Amino acid sequence: MPGAGWDLHECRHASLTHLGKAGAGLVMLMAKSRHKKPENVRKYLHPSAESIAEVTSLLAPGDSRR
């Protein structure tokens, strides 16, 4: 029934977006969605400022300037 809610594609997109925001990585999103090409999944990745800072800290542990 048109206009009654989300279709299957919209639900799939929303679930992948939520997983990406929750910190799921590219490989996990590809496994969940069964996409074969990383470029089709990258749009769902939304790294938080905290996760970016965490990865950056791996480059210079103990460096408080980052």
Side-chain angles (χ1 to χ4, degrees):
M1 194 161 122
W6 291 9
D7 64 20
L8 185 57
H9 181 79
E10 291 170 320
C11 289
R12 180 180 174 175
H13 174 75
S15 67
L16 291 172
T17 299
H18 288 298
L19 287 172
K21 286 183 178 180
L26 179 66
V27 173
M28 189 59 68
L29 290 174
M30 287 180 69
K32 181 69 176 162
S33 67
R34 298 184 188 163
H35 281 97
K36 302 292 183 219
K37 298 178 182 177
E39 58 268 20
N40 295 334
V41 181
R42 286 191 183 118
K43 62 184 169 190
Y44 300 112
L45 294 174
H46 302 281
S48 66
E50 293 83 18
S51 64
I52 293 170
E54 183 179 335
V55 169
T56 302
S57 72
L58 296 174
L59 298 173
D63 187 352
S64 62
R65 294 179 294 157
R66 293 177 196 232

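In this text, all values refer to a predicted model and were calculated from it rather than measured experimentally. Reckoned from all heavy atoms, side chains included, excluding hydrogens, waters and symmetry mates.
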Is any side-chain heavy atom of Lys32 closer than 4.5 Å to one of Leu19? yes

Could you work out, with side-chain contact (heavy atoms from CB on, under 4.5 Å) as the rule, every residue matching Ser33, not counting sequence neighbours? Arg12, Leu16, His35, Val41

Is there a side-chain contact (heavy atoms from CB on, under 4.5 Å) between Arg42 and Leu26 once you walk through the steps? CA-CA 7 Å; Arg42 286 191 183 118; Leu26 179 66; 4.2 Å; yes

Validation: residues 44-55 side-chain donor-acceptor distances under 3.5 Å, sequence neighbours left out:
residue : atom : partner : partner atom : Å
Tyr44   : OH   : His13   : ND1          : 3.2
His46   : NE2  : Lys43   : O            : 3.4
Ser48   : OG   : Glu50   : OE1          : 3.4
Ser48   : OG   : Ser51   : N            : 3.1
Ser48   : OG   : Ser51   : OG           : 3.3
Ser51   : OG   : Ser48   : N            : 3.1
Ser51   : OG   : Ser48   : O            : 2.9

Set of side-chain contact (heavy atoms from CB on, under 4.5 Å) partners for Lys37, sequence neighbours left out: Glu39, Asn40

